[in-house]
A.B. asks: 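Mind having a look at this structure? Questions to follow.
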2 protein chains.
Amino acid sequence: MDTSEHTRHKDRPGGSPAHQDRPGGSPASEDVPQRPRDAQGTRARILHAAGAVFAERGYEAATVRDIAGRAGVNQALIFRYFGSKKALLTEVMAQGGKEQLSNTPADRLFETALRGVLVEGGKPGTDRLMAVYLRSIGSADAAPETVRALGEEYATALASLSSADDSKLRAQLAMAWLLGIGLMRVVVGQEPLASAEPDEICGHVLTALEGLLGERN
Amino acid sequence: MDTSEHTRHKDRPGGSPAHQDRPGGSPASEDVPQRPRDAQGTRARILHAAGAVFAERGYEAATVRDIAGRAGVNQALIFRYFGSKKALLTEVMAQGGKEQLSNTPADRLFETALRGVLVEGGKPGTDRLMAVYLRSIGSADAAPETVRALGEEYATALASLSSADDSKLRAQLAMAWLLGIGLMRVVVGQEPLASAEPDEICGHVLTALEGLLGERN
DNA sequence: CCCTTATGTAAGCAGACGCTTACAATGCTA
DNA sequence: TAGCATTGTAAGCGTCTGCTTACATAAGGG
């Protein structure tokens with residue numbers, strides 16, 4: 001069928017040996033103009049590119065050749081640094097997952113996460129972790145496990161807000177809503193949900209969940 | 001190293017030439033004991049097998065060889081009857097999608113759909129249409145389109161319950177919750193959500209959504 | 001009976017895939 | 001300068017994929 005559809009970054013054209021300068025807005029860019037043999041930098045570039053490709057195509061449709069091409073790196077390095085494609089996905093998912101959890105008080109956690117989905121999910125600039133989750137959840141078995149583990153922690157934190165005996169179930173229902181909204185916006189793109197203002201969605205959802213999460217019983 | 005990750009149904013084991021009689025508990029089995037050249041029956045068997053395989057593995061991970069094997073049919077027939085793997089998915093998704101919509105009054109629609117997800121989604125016996133949606137939504141571009149179209153109709157019907165000016169957005173939020181719950185139960189399998197009683201979940205969700213869907217403003 | 005059409009089968013094609021291997025640079029240290 | 005581990009590269013291996021082709025049956029009609 002298609003075989004084409006996405007731009008094939010063939011390879012570096014001529015004899016120029018591989019280094020292609022700093023790609024630009026790297027974080028806290030050192031003054032070092034060229035670092036031709038930088039393991040950490042290469043690892044980071046691979047991780048970043050992998051996040052982007054997984055977010056765009058999902059785990060199965062993404063290829064290590066695509067990732068290597070986007071990172072400007074030989075694909076053999078992916079296996080040197082990460083071992084396998086699956087391990088790469090796991091690493092991508094693991095990075096940055098728990099930061100929000102430890103930096104946010106429980107009673108602000110849900111709204112923060114929801115706004116994260118609403119804002120971060122769509123823009124191509126951000127790391128789009130949620131898109132990786134949503135697009136890969138059906139295929140790779142690593143994805144459901146990671147989502148389950150991460151969701152477990154969110155739900156536990158969220159459950160502490162309610163003293164109901166089924167507080168965990170309630171918290172998981174709230175998390176499920178969050179995921180569903182992300183799915184509809186990012187992957188399905190259903191209107192008017194996909195273009196609605198985060199504030200409006202937040203208002204509706206938080207109002208509806210008031211009883212579920214906050215009630216004394 | 002593994003490269004495999006999921007059980008590979010290698011191929012038909014021995015020299016036995018692929019025929020393998022009527023598998024037994026086929027749905028509403030006609031009395032016809034053997035119909036060696038039955039186009040409609042073959043088509044139906046392929047569709048049924050495709051639904052099962054797509055539901056279990058998702059679109060990308062499912063192979064036409066798997067589907068053909070499960071249907072007890074030569075894989076070339078899949079392309080004769082459906083043209084392509086993607087067209088097969090579309091057909092699988094299209095079947096039975098709108099029946100519920102036309103058979104259910106709007107004010108019972110959401111609960112009916114929700115219970116459908118909660119009951120049908122898990123059991124391996126049923127056709128598990130929801131599982132196909134959830135597992136394939138990230139990969140095949142046919143899936144998001146179908147989900148969007150179907151969700152559009154559900155949301156429109158649901159929106160008629162509210163006279164709010166953003167009633168459609170509200171309805172889509174409700175549908176998103178439904179999808180998210182299905183995702184968490186069927187694909188992720190997060191406990192205690194995955195094993196919770198449909199009645200309990202229904203109660204929580206319907207209570208929370210009362211204001212969203214029913215309110216006069 | 002042959003001819004045509006519908007149905008099923010066996011084999012394979014061309015390409016993409018994850019991953020490996022053999023080897024060239026590079027930098028560090030002694 | 002020699003030795004060595006680290007980092008990067010080119011090429012390909014074996015397998016799987018969706019899909020096609022050439023051919024075997026079966027039914028039906030003249």
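Reminder, nothing fancy here: chain letters follow the sequence lines and each chain counts from 1.
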A.B. asks: Looking at A:Y59, is A:K86 sitting on its ring face, NZ or CZ under 6.0 Å from the six-membered ring centre and within 45 degrees of the normal?
C.D. replies: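 Output no; distance or angle outside limits.
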A.B. asks: Between C1' on C:dG8 and CZ on B:F82, what's the gap in Å once rounded to a whole number?
C.D. replies: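 Nearest whole value for this atom pair: 15 Å.
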A.B. asks: Send over the distance from A:D66 CG to C:dC17 P, rounded to a whole Å.
C.D. replies: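 Rounded to whole Å, this separation is 7 Å.
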A.B. asks: Determine, for B:R43 against B:D38, whether the closest basic-nitrogen to carboxylate-oxygen distance falls under 4.0 angstrom.
C.D. replies: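 Looking at B:D38 together with B:R43, the answer is no, because their closest N to O distance does not fall below 4.0 Å.
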A.B. asks: D:dT7, OP1 or OP2 - any side-chain N/O from A:T42 closer than 4.0 Å?
C.D. replies: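 No, outside the criterion.
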A.B. asks: About how many Å separate CD1 of A:I78 and CD1 of A:I67, when rounded to the nearest 0.5 Å?
C.D. replies: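 Answer rounded to 0.5 Å: 5.5 Å.
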A.B. asks: In whole Å, what is the span from the CG atom of A:N74 to the C1' atom of C:dA25?
C.D. replies: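 Distance check: A:N74 CG to C:dA25 C1' gives 13 Å.
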A.B. asks: Can you tell me how far C1' of C:dT5 sits from CZ of B:R80, to the nearest Å?
C.D. replies: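 The distance from CZ of B:R80 to C1' of C:dT5 comes to 11 Å, rounded to the nearest Å.
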A.B. asks: At under 4.0 Å between heavy atoms, what does A:Y81 touch on the DNA or RNA strands: base, sugar-phosphate, or nothing?
C.D. replies: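 If one applies the 4.0 Å heavy-atom cut-off, A:Y81 turns out to touch the sugar-phosphate alone, with no base involved.
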A.B. asks: Measure from NZ on A:K85 to C1' on C:dT20 and round the result to the nearest Å.
C.D. replies: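 Whole-Å distance recorded here is 17 Å.
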A.B. asks: Using 4.0 Å as the upper bound for N to carboxylate O, is an ion pair formed by B:E152 and B:K168?
C.D. replies: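 Yes.
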A.B. asks: Roughly how many Å is it from CZ in B:F79 to P in D:dT17, rounded to a whole number?
C.D. replies: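 In whole Å, D:dT17 P and B:F79 CZ are 12 Å from each other.
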A.B. asks: With a 4.0 Å cut-off, would you call A:R170 and A:D166 a salt bridge?
C.D. replies: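 Salt bridge: yes.
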A.B. asks: Restricting to nitrogen or oxygen on both sides, can you table the protein-nucleotides 4-6 of chain D pairs closer than 3.5 Å?
C.D. replies:
residue: D:dT6; atom: O2; partner: A:R37; partner atom: NH2; Å: 2.1

A.B. asks: May I have the distance from A:L89 (atom CG) to C:dG18 (atom P), rounded to whole angstrom?
C.D. replies: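 Rounded to the whole Å, the gap is 12 Å.
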A.B. asks: Expressed in angstrom and rounded to an integer, what is the separation of A:Q40 atom CD from D:dG8 atom C1'?
C.D. replies: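 After rounding, the reported distance stands at 17 Å.
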A.B. asks: If you check every side-chain atom of A:A76, which of D:dT20, C:dG18, C:dT21 has the closest atom?
C.D. replies: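 Looking only at heavy atoms from C-beta outward on A:A76, the closest nucleotide is C:dT21.
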A.B. asks: Using the closest heavy atom to pick a nucleotide of DNA chain C for each, name whichever of B:L77 or A:Q75 lands nearer the 5' end.
C.D. replies: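 Nearest nucleotide further toward 5': that of B:L77.
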A.B. asks: Salt-bridge test for A:R148 and A:E145: reply yes if a basic N is under 4.0 Å from a carboxylate O, no otherwise.
C.D. replies: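 No, A:R148 and A:E145 are not salt-bridged.
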A.B. asks: For A:F54, does its backbone N or O pair with a side-chain atom of A:R135 as donor and acceptor, under 3.5 Å?
C.D. replies: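 No: the side chain of A:R135 does not pair with the backbone of A:F54.
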A.B. asks: Using a 4.0 Å heavy-atom cut-off across all strands, classify A:A87 as base, sugar-phosphate, or nothing.
C.D. replies: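 No contact.
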A.B. asks: Name the nucleic acid region contacted by A:A68, choosing base, sugar-phosphate or nothing; use a 4.0 angstrom heavy-atom cut-off, strictly under.
C.D. replies: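 No contact.
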